[in-house]
Structures are given as structure tokens and as C-alpha cells.
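This report refers to the structure that appears directly beneath it.
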Amino acid sequence: MIDRRLNVLRVVASHGTVTAAAQALGFSPSAVSHQLRSLSAELGVPLLEQDGRGIRLTEPARILLEHADDLFALWEEVRADLEQTDPDQVRSLRLCGFATAASALLPSVAAQVRSIHPRCSVRIIEADPEECFDLLLAQQADLAVVVATATIPTSTDPRFDQKALLDDPLDLLVPADHPFATRPSVLLRDAAQEPWILDRPGRPHHRLVLAACAAAGFTPSAAHETSEWDTGAALVSAGLGVALIPRLARLPTGERTVRVPLRGEPAPARHLLTAVRRGGRRQPAVATALGALDAVASRRVERPGAGGTH
């Protein structure tokens with residue numbers, strides 16, 4: 001097996017501080033420091049050095065990390081080969097994803113994994129996209145469903161294997177008595193003068209909405225801020241503004257709101273990806289989960305009906 005201290009070094013390099021790495025790994029900062037000191041002593045080279053109040057990686061540490069990425073990818077492939085000799089012995093699978101994926105996609109995936117691998121325990125973790133990659137790297141999760149944003153690792157990052165899953169269109173959510181409610185579709189710029197219900201600043205959906213509106217030629221006027229679809233739907237239902245809602249997002253019943261499809265090229269959408277540790281895609285439980293997700297993607301996201309309350 002690969003020395004676990006190498007992964008500690010990888011997590012420290014990713015987070016930039018011992019404290020943040022310790023939190024991601026579920027260790028104490030002193031335990032992380034001890035592991036790195038012992039690895040440094042065993043290799044006979046310094047791995048970290050002080051940089052003001054922080055730390056930075058030494059050149060030997062950077063060389064070590066380049067090889068460590070390949071080692072861990074190879075180890076994931078070895079695990080896949082071993083598990084394929086007896087898939088019935090698969091013991092666990094940890095799935096993580098942002099809120100919509102955790103509610104709309106992952107439960108059915110977990111159920112399918114359990115039906116095919118009865119002895120496998122499946123755990124679902126709701127997390128923002130950036131945290132999902134932290135969980136993968138810290139080996140706290142095995143498969144992530146994330147939204148493509150500028151803040152996640154690039155598609156060429158050697159630590160991860162990322163694949164496109166599906167495009168999740170954004171619909172304009174309006175009150176049931178709004179003039180747009182009876183239209184089959186609208187342009188996003190048609191809503192430029194509306195008061196907007198936005199996600200909290202800095203969150204992925206907030207950035208996505210701002211980018212979509214900017215592409216349509218306007219900046220939305222924020223009337224209210226919320227981080228939950230239920231709250232946003234209630235505010236829209238009360239006539240306090242409009243919102244952009246992913247088609248996969250499940251809204252509470254009983255609210256007087258209407259989803260109105262957006263037209264135009266390109267129509268605003270979230271781009272969903274799957275991510276695993278490089279080399280881990282063939283592991284039986286992971287492969288089953290990816291197959292279940294691909295089945296969802298092949299059915300696509302259905303177009304909402306025009307008009308009516310949804």
C-alpha cells in the first residue's frame with residue numbers, strides 16, 4: 001500500500017495550510033505536522049518551509065508530489081482490478097454532490113448500487129463543488145457530481161478524472177399571475193427590469209446567475225437573497241421577484257409559481273460533471289454509480305410545461 005503520509009502532503013499542498021488540511025482529513029493539526037516531519041526525516045529532505053506566517057512546499061516536495069499523483073492513480077487501478085475479481089465483496093461507496101444532485105440524482109443512484117452490490121454500504125454527502133474535490137482528495141468520498149465552475153480543478157488536473165454528465169437548463173421562475181407565466185418561453189433579457197431573488201454572494205449559483213445575466217446584457221437587481229430553493233420559491237410566489245431555477249431543482253408543491261423556459265443561444269444552463277480520483281473509474285461500485293448517472297443523463301432533463309403551477 002502507498003504511504004498514507006504522501007496523501008497528507010497532497011492535501012496540505014491543495015489547501016495551503018496545515019490547519020485547513022487537518023480539517024479536510026479529520027486529523028488534528030499536530031497529527032498532520034507529525035506525519036509530515038516523519039516523512040521528511042525518512043526521505044532525508046525538507047518538505048515544508050516557513051513563508052512569513054504560512055508555509056510553502058520545497059522543491060523536493062514538489063518533485064515528490066508529481067510522482068505521488070501517478071502512484072495514487074496506479075493504486076486506484078490496482079484496487080479496481082482486485083475488486084473486479086469478486087464484486088460481491090465491495091464494502092462501501094461514498095457519493096458527494098451539490099444540493100440539487102444530492103436530492104435529485106444521488107438517492108436513485110445509491111439505491112441502484114445497493115441493489116447490484118447488496119453488501120455495499122452507500123453514504124451520500126451534500127457539499128459544494130469545491131468541497132467535493134477536497135473530499136475526493138482526502139479519500140472521504142469516491143464519486144462526486146459537481147457543477148462546472150471557474151473555482152474547481154481544471155479538467156487536466158492529474159489527481160482527478162472528470163467527465164461531462166449533462167446540461168441542466170435554467171428556467172425563469174415567476175409568480176403564477178406574472179405576464180410571463182402564460183408564455184411558452186422568454187429571453188433572459190426580457191426579465192432585466194424585474195426584481196431578482198438571488199443566491200448568497202460567492203456561492204456557485206449566484207456566480208452562475210450573474211454570468212448568465214451579464215451574457216444577456218444586464219446586471220440583475222437583487223431584491224432578496226436566499227440559499228434554499230424552498231425559500232426562493234416562497235418569495236417568488238409572494239410576488240417579491242423572479243429567479244433562475246435549474247430544471248433539476250425540486251420545488252415545494254403548493255407555491256403559486258411557474259417555470260418559464262428560456263430561449264436564445266446559448267440558453268443558460270448548468271454543466272454537470274462527474275469526478276473520481278484518477279484511476280478509480282473502473283472500481284465496481286463506482287462503475288455502477290457512473291452507469292446509473294449516465295442513464296439519467298441519457299433521459300435528459302424534461303422541458304417544463306408552459307403555464308400552470310409547478
Side-chain angles (χ1 to χ4, degrees), residues 1-83 90-97 123 125 127-144 146 149-162 202 273-283 285-286:
M1 294 179 63
I2 300 176
D3 194 317
R4 293 176 181 266
R5 294 173 297 180
L6 285 176
N7 201 51
V8 172
L9 179 62
R10 296 171 87 209
V11 176
V12 170
S14 178
H15 286 272
T17 69
V18 168
T19 301
Q23 184 175 0
L25 290 163
F27 298 162
S28 68
S30 60
V32 170
S33 296
H34 173 73
Q35 291 196 41
L36 293 181
R37 285 196 301 270
S38 67
L39 180 61
S40 176
E42 189 170 316
L43 294 173
V45 294
L47 299 176
L48 302 176
E49 57 189 14
Q50 288 298 126
D51 183 17
R53 295 184 177 180
I55 58 171
R56 65 182 176 189
L57 300 176
T58 63
E59 184 61 23
R62 296 185 187 280
I63 293 172
L64 184 59
L65 286 172
E66 290 177 4
H67 292 289
D69 289 338
D70 292 333
L71 285 172
F72 276 96
L74 179 60
W75 176 243
E76 294 289 339
E77 293 175 1
V78 170
R79 285 185 55 199
D81 290 340
L82 292 173
E83 290 180 5
V90 174
R91 297 183 181 277
S92 67
L93 177 70
R94 297 155 301 177
L95 306 170
C96 63
R123 182 184 183 194
I125 307 167
D128 284 341
E130 295 89 342
E131 186 183 358
C132 284
F133 284 95
D134 292 340
L135 291 169
L136 288 174
L137 185 62
Q139 299 183 355
Q140 303 297 318
D142 305 301
L143 168 61
V146 301
T149 68
T151 57
I152 66 172
T154 66
S155 60
T156 58
D157 190 308
R159 301 169 298 175
F160 306 108
D161 180 354
Q162 302 180 51
L273 311 172
T274 60
V276 299
R277 288 184 293 276
R278 183 161 64 98
R281 191 167 285 268
R282 292 188 301 107
Q283 292 169 12
V286 172

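Hydrogens, waters and symmetry mates play no part in the numbers below; they use all other heavy atoms, side chains included. Predicted, not measured: the structure shown is a model, and the values here were computed from it.
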Review point. With side chains defined as the heavy atoms from C-beta onward, is the minimum distance between Arg277 and Leu137 less than 4.5 Å?
Key: no
Review point. Partners of Asp81 by salt bridge (Lys or Arg N to Asp or Glu O under 4.0 Å), sequence neighbours excluded?
Key: Arg282
Check your understanding: Roughly how far, to the nearest 0.5 Å, is CG of Asp128 from CG of Leu135?
Key -> 10.5 Å
Review point. Are any of the side-chain heavy atoms of Leu273 and Ile152 separated by less than 4.5 Å?
Key: yes
Exercise for review: Kindly give the heavy-atom pair with the smallest separation between Arg281 and Gln162, and that separation in Å.
Suggested key: NH2-C, 4.3 Å
Show me, pair by pair, the donor-acceptor contacts under 3.5 angstrom made by side chains of residues 18-32, not counting sequence neighbours?
unit_1 : atom_1 : unit_2 : atom_2 : d
Ser28  : OG     : Ser30  : OG     : 3.1
Ser28  : OG     : Ala31  : N      : 3.1

Point to revise | Close side-chain approach of Gln283 to Glu76, heavy-atom, < 4.5 Å | key: yes
Review point. Which pair of heavy atoms, one from Pro158 and one from Asp69, lies closest together, and at what distance?
Key: CG-OD2, 3.6 Å
Review point. Are Leu57 and Leu48 close enough, and set up right, to give a side-chain contact (heavy atoms from CB on, under 4.5 Å), and what steps lead you there?
Key: CA-CA 5 Å; Leu57 300 176; Leu48 302 176; 3.4 Å; yes
Check your understanding: Quick one: are Ile55 and Gln50 in side-chain contact, heavy atoms under 4.5 Å?
Key -> yes
Check your understanding: Between Arg5 and Asp3, which heavy-atom pair has the shortest distance, and what is it?
Key -> NH2-OD2, 2.5 Å
Point to revise | Donor-acceptor pair, side chain of Arg94 and main chain of Gln139, under 3.5 angstrom | key: yes
Revision key, fill the gap. In this structure, CG of Asp142 is separated from CG of Leu95 (nearest 0.5 Å) by 7.5 Å
Practice item. Search all heavy atoms of Ala127 against all heavy atoms of Cys132 and return the closest pair with its distance. Key: O-SG, 3.6 Å
Study note, to complete from the structure: Note: Leu136 and Ala275 closest approach over all heavy atoms is CD1-O, 3.7 Å
Check your understanding: Under the side chain to side chain donor-acceptor pair (under 3.5 Å) rule, what pairs show up with a residue in residues 56-65, not counting sequence neighbours?
Key -> Glu49-Arg56
Review point. How many angstroms lie between atom CH2 of Trp75 and atom CG of Leu6, to the nearest 0.5 angstrom?
Key: 13.5 Å
Practice item. Would you kindly check if the NZ (Lys) or CZ (Arg) of Arg10 is within the cone defined by 45 degrees around the ring axis of Phe72 and under 6.0 Å from the six-membered ring centre? Key: yes
Exercise for review: Before giving the answer on side-chain contact (heavy atoms from CB on, under 4.5 Å), spell out for Val45 and Ile63 the whole-Å C-alpha distance, their side-chain angles and the decisive distance to 0.1 Å.
Suggested key: CA-CA 11 Å; Val45 294; Ile63 293 172; over 6 Å; no
Check your understanding: Got a second to check how far Arg91's CZ is from Glu83's CD, nearest 0.5 Å?
Key -> 10.5 Å
Exercise for review: Look up atom CG in Leu9 and atom CG in Leu65, then write down how far apart they are to the nearest 0.5 Å.
Suggested key: 4.5 Å
Exercise for review: With the side chain counted from C-beta on, respond yes when His15 and Asp134 share a heavy-atom pair under 4.5 Å apart, and no when they do not.
Suggested key: yes
